[in-house]
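Below, read A as the first sequence line, B as the second, and so on, with proteins coming before strands; counting in each chain starts at 1. Predicted, not measured: the structure shown is a model, and the values here were computed from it.
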Protein chains: 2
Amino acid sequence: MQAPVVHDEKTCQVREILDRVGDKWSLAVVNELGNGTLRFTELKRAIGGVSQRMLTATLRNLERDGLVLRTVHPVIPPRVDYELSDLGRTFLQTAWSLMNWANDHAADIIAARARYDT
Amino acid sequence: MQAPVVHDEKTCQVREILDRVGDKWSLAVVNELGNGTLRFTELKRAIGGVSQRMLTATLRNLERDGLVLRTVHPVIPPRVDYELSDLGRTFLQTAWSLMNWANDHAADIIAARARYDT
DNA sequence: CCGTATCCATTTCGATACTG
DNA sequence: CAGTATCGAAATGGATACGG
């Protein structure tokens, strides 16, 4: 007799991954790094509206998940480069199609909300 | 002279949309409804691991955003059907490619995390 | 059956101050 | 420059109870 499996293990993993890499700032970071290597401050400015705290946390997670490579140059002042890993680049196409979808249908969605709120 | 625009309006909208439709339960719902119409309880069972509260909230948001159609049948006991709208179906391909990516690279990511945590 | 309402613990996140 | 540390407000989400 087996203890009941409440929900599929793999499915749960996939959901957790989607929640991480699919979040607002992760997508923004991957998008920016899709154009090439950037430093912390360049990323922050390029994305816009992200706090230092959130950008740091997002980059740490992406690095931990193997999507982003972090290179520290031992100079003063410090210089840290961020770039997509091979794994990160496999995500680019998907990320872009997601962002394109949102961009293409933003007006529809805003309109749908206005209708619903009436 | 113009007040400085902190961050692009449209970009911000797109991010907000991505955060909504790209979240864990929204993707799960869209995925399930991709196979056809389902009732509330069927959805809940099909997804697994989602609380009634979260499923309700997720469905409301998707309905409000115009991705999901909700049909109430005035019978006792109540019967409510959920299905994708045309807009919702335009999202299916993207959602699936996202889920496939996560599924295909889950092992890589888990491995990367294990390496990082050492 | 399909919700809503309430409570409560946990998490999230911006702001701020500080460091090598 | 590129962070870390800390604080407090706000949002999130599970559990539970209740209603049409």
In whole Å, what is the span from the CG atom of Asn61(B) to the P atom of dG3(C)?
14 Å

Quick check on DNA chain C: between Trp25(A) and Pro78(B), whose nearest nucleotide comes earlier from the 5' end?
Pro78(B)

Using whole Å, report how far CG of Leu59(B) lies from C1' of dT4(C).
15 Å

Say whether Thr58(B) and Asn61(B), considering side chains only, have a donor N or O and an acceptor N or O under 3.5 Å apart.
no

Nearest whole Å is fine: how far is dC1(C) C1' from Arg45(B) CZ?
12 Å

Name the closest nucleotide to the Arg60(B) side chain, picking from dC1(C), dG14(C), dG3(C).
dG3(C)

Starting at the 5' end of DNA chain D, which residue's closest nucleotide do you reach first, Pro77(A) or Thr56(A)?
Pro77(A)

Please name the pair of heavy atoms, one in Ala28(A) and one in Arg15(B), separated by the smallest distance, quoted to 0.1 Å.
CB-NE, 4.3 Å

To the nearest Å, give me how far apart CE (Met54(B)) and P (dT12(D)) are.
9 Å

Atom CG of Asp81(A) to atom P of dG3(D): distance rounded to whole Å?
11 Å

Euclidean distance, atom CD1 of residue Ile47(A) to atom P of dC13(C) [Å, nearest integer]
14 Å

Of Asp19(A) and Tyr82(A), the one whose closest nucleotide on DNA chain D sits nearer the 5' end is Tyr82(A)

Pairing of Asp117(B) and Arg115(B) as salt bridge, 4.0 angstrom limit:
no

Rounded interatomic separation in angstrom, taking CG from Leu55(A) and P from dT12(C):
17 Å

Spacing of Arg79(A) atom CZ relative to dA2(D) atom C1', expressed in whole Å:
12 Å

On a heavy-atom basis, the closest approach of Gly66(B) and Ser85(B) is O-OG, 2.6 Å

Is the closest side-chain heavy-atom distance between Trp25(A) and Asp23(A) below 4.5 Å?
yes

Residue mapping more 5' on DNA chain C - nearest nucleotide basis, Glu42(B) or Gln52(A)
Glu42(B)

Which one, dC13(C), dG13(D), dC2(C), comes nearest to the side chain of Arg53(A)?
dC13(C)

